[in-house]
Amino acid sequence: MHIPEGLLPPLHAAAWTAAAAPFVVHGVRSLTREVRANPEAKLLIGAAGAFCFVLSALKIPSATGTSSHPVGVGLGSVLFRPPVMAVLGTVTLLFQALLLAHGGLSTLGANAFSLAVVGPWVAYGAFRLVRALTARLPEGTSLSLAVFTAAFSASLGTYTVTSLQLALAHPDPEGGVLGAFAKYATVFSVTQVPIAVIEGLVTVVAVRLLTSV
Amino acid sequence: MTPIDTAAYRSRWRRYHPAVKGVLCGGLLACALMLPPWPAAALVAAATLGSAVAAGVPLGLMARAAAGPLVLIATSAAALLVSVGGAEPVGWAPGGPARAAEVAARASAALGTQLLFVLTTPVADLLARLSRTRLPAALVEVVALTYQMLMVLLGTAHRVASGQAARHGYRSRRAGLRSAGALGGVLFLRSLDRARRLQEGLACRGYTGRLTVLVDERPVPPVEWAAAAAPPLLVAALTLTSTALR
Amino acid sequence: MTPVPADPQETPVPPRAPGPAAPPVLEGRGLHYAYDDGGGPAVAGADLAVGPGGLLAVLGPNGGGKTTLLRLLSGGLVPDRGEVLLDGARPPAGRQGRDLLRRRVQMVYQDPDDQLFSATVGQDVSFGPLNLGLPAAQVRERVEWALDALGVTSLADRPTHLLSYGQRKRVVLAGAMALLPGVLLLDEPTAGLDPAGVAGLVATLDGLRDRGTALVVSTHDLDLVHGWADRALVLDRTVLASGPVREVLADTALLSRARLRPAWGPAVGRVLRAGGLLPADAPDPSSPRDLDRLHPR
Amino acid sequence: MTPVPADPQETPVPPRAPGPAAPPVLEGRGLHYAYDDGGGPAVAGADLAVGPGGLLAVLGPNGGGKTTLLRLLSGGLVPDRGEVLLDGARPPAGRQGRDLLRRRVQMVYQDPDDQLFSATVGQDVSFGPLNLGLPAAQVRERVEWALDALGVTSLADRPTHLLSYGQRKRVVLAGAMALLPGVLLLDEPTAGLDPAGVAGLVATLDGLRDRGTALVVSTHDLDLVHGWADRALVLDRTVLASGPVREVLADTALLSRARLRPAWGPAVGRVLRAGGLLPADAPDPSSPRDLDRLHPR
């Protein structure tokens, strides 16, 4: 879910950009290091960026017809790790804004924070945690559970942050930020929770295919 | 593959420097975000639509592209009508309709300026200028590569998905999950394959780690800057005047 | 060859190709389609029909609308105007009709890599039947039949990415045939194949025709379809000609207009007959090897 | 046509194709290469040479090692045994030699998407010259010349992904020509092109040959190279034959062994000469249209 152009006041947009910036800059630094050590990595990272974008543009079946919003953050974080995903996710968001008008340009920083920073770290943490908890289970089961949890919680984490960003921008006159958060979280949960489940399942199928070749 | 970018390549305004279009659209965006929504939002919308017509933007495509974000804007605005956590757990928010209208008008006008920009400025033109900024070269090159490769990969995704659909791959929800998962997996493998093949193909062209290309820069005549800055300045002036008169 | 598996849900595939009097399996009437990109119609008013065991060649230059026409026939695109008829009847509107069309008509694209998405050959071929919700035993039966019909049974457990290009083309065909379609639409099926690969593919497709499968083949290789197809249609956005393949290929002026290179066979036959080297009623040579037989060195 | 831009750093491209006595630009001697996959040698002992303005056809079935041979010649792969000679001399070892080889020999892959990476045509073509470290003005001159030579000047500002397949093939060729190579290696250059596209490409390549560029073309389309190439080499891992193209194409037994389909031209020529329809010293017909001229209807 991307915040469209104009839905955040300029001050908020700037603040979220500042919040996302250190993560993205850190990602760019590690990317530059990687590319300097290994020039072939440039093409691989470009391909990974293309993959993230195309995955995010896929229409997957969901409760409300189809949705083109899941970002493949789960799969990306497990495959490329969060610092790289901060860059790839931001590049993906930029292309989504320019090629599809999904998400705005002034809201790019806010969307990067939720989709390219929080999502990947939540996914990565969930993946590590579940892998550790299920270490005794058969490898296939453990991996599937971890991948599902990673994709599901990344999707959910992203939507939670988005709701919070909107709540901070448009606090409820009586309930304040908390009340507004309750409103947005409830409204968006109608579509976002089923999407999180579906994204988890789809990611499991994809990882199974990848581990079987 | 991506109708917005394709339209941008065909746009009558393609030949103008992206920075010129950036001044126009960015200026209007700033008006929409920072000035009182009435009458700024309406003025911005009018200026945007007028520019779109002048640039020969396909208005149907513009409307289709706006549909998705507008739903989100409408939902977010509608949430302002309701209040939570006051005297009653849920009730109508005082002044809700006015706030909702204000947010919706602001965001819709802002969305229009974004669409005007992307429908007249192809990504390739932006990428070419990115190399003149102070961003790290590695990042600029990765972004350019991503663009080229995502266009090729989008074609693949489209063909794979329609092949799956032909074989009843999206006939039931269960089949759909299986197909979408397989599609994601296949795309990952194909993107790795593309990287390997491009590596080989570019090695023949002398690739040694730098993907430099020649970008011709035409100086922008002052009149173009002036023309681009005029609409936002006019909107700002009109808004401030009308606010002052009120 | 294993028998065609039974399919209780639809008309069984006729066992042999009936004569030309058989009613068409697939018909297109006045098909018209323009893409969204403002580039004008890609196909403007195409009529065609193909009967069981028949082979219709769709000839034309690149960008002439051949792929678009096949996609209209497969239900992948919905025509702006005109209609597609299945077994002489209009399929019901909406989802049900689309499902019916997909069940009876299968399209195979040029690049096999776009159509393989499972780890192994067997899994990939089972994709379609599984999606139909058939019981496991029936799926297995169909997969075995299709692998056998395409001569790739020995590859069943092989990972798809380790196959040669020609093998991948066959596996994709097996995946389509496992749905027991009445019509196969093949987009440039011989592109990228070497002569041995082309010969093998033609023999396999002839085997499917003998079982009653109708074929629509798009190509710009006129030497390929001369002596192979029954009927031909020349498409360059509009239909420039349509009729028995020999008549269409004999019209070299028309072929020039469609930016196609005439086939050797009819030209050679004409010169040889004019020079008395070939009896007037003999067929045109269909390959240089025929000439060797005519005049052994 | 704009004149070939000057390049102070290397031997200028000779303005016209010299006679067959000219020393070869590129030679391969005893080239041998096996991939790491344990599948045996892909190319086992290939010798070949091509002179300025010459055209050497590398013929063979899919999987016969054609692409591998071209990659060995381009320096993209290093042979396990044997050597590549440039202008009669062995290039220096290491990076310097590889750079020299890349400057004089350019390979064009079958799939244009393997070599296009930049958003617009003009930018993409500028990549090679910029890599040579040329000043911007000279790069611009070369880009303009190459776009003009390939007839794609009008596409300079177009994004590569919106071009047709045939246009993208030309752009990749322009990208190679902008390096002013002495030799162009073309892997299946006509695959996927329609007859008009093939004819246009052949004419363009002939223009480059007239300027002295040597061509090595891999294909399994014998009708294409008959009457176009000077020399041919039949490769199915080992070199089965090598010599003037007419001699190689006349040996149909050899072609069968290499799983190739004989070309029409020589077969038709033979039958027509035997039947007295063609003078003994006349060349073989090179297209069905030649037959029309022979015997107007």
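Computed over heavy atoms, backbone and side chain alike; hydrogens, waters and symmetry mates excluded. Residue numbers begin at 1 in each chain, while the letters A, B, ... track the order of the sequences.
Contact check on C/Asp111 versus B/Arg159 returns no salt bridge, with no Lys/Arg side-chain nitrogen under 4.0 Å from an Asp/Glu carboxylate oxygen.
Between C/Phe117 and B/Leu183 there is no side-chain heavy-atom pair separated by less than 4.5 Å. Looking at heavy atoms from C-beta onward, B/His168 lies in side-chain contact with C/Leu179 at the 4.5 angstrom threshold.
Annotation: maximal heavy-atom pairing with chain C below 4.5 Å, among B/Gly163, B/Ala166, B/Ser179, occurs at B/Ala166. In terms of heavy-atom pairs under 4.5 angstrom with chain C, the leader among B/Ala165, B/Ala175, B/Gly60 is B/Ala165.
Smallest separation of non-hydrogen atoms from C/Gln106 and B/Arg167: OE1-CG, 3.5 Å. The shortest non-hydrogen separation linking B/Gln164 to C/Phe127 is O-CE2, 3.9 Å. Closest heavy-atom contact between C/Asp114 and B/Thr156: OD1-CG2, 3.9 Å.
Note that CG of B/Leu189 is 12.0 Å distant from CG of C/Leu116, once rounded to the nearest 0.5 Å. Here the OG-CE distance, from B/Ser162 to C/Met107, works out to 8.0 Å after rounding to the nearest 0.5 Å.
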Steps toward salt bridge (Lys or Arg N to Asp or Glu O under 4.0 Å) verdict (B/Arg171, C/Asp99): CA-CA 8 Å; B/Arg171 197 165 180 261; C/Asp99 267 8; 3.2 Å; yes
Please step through side-chain contact (heavy atoms from CB on, under 4.5 Å) for the pair C/Gln115 and B/Val160, ending with a clear verdict. CA-CA 6 Å; C/Gln115 293 158 94; B/Val160 173; over 6 Å; no
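With a 4.5 Å cut-off on non-hydrogen atoms, C/Arg98 does not touch chain B at all. Only the side chain of C/Tyr109 has a heavy atom closer than 4.5 Å to any heavy atom of chain B. Neither the backbone nor the side chain of C/Leu101 comes within less than 4.5 Å of any heavy atom of chain B.
Remark: the B/Arg178 side chain and the C/Asn131 side chain contain an N/O donor-acceptor pair separated by less than 3.5 Å.
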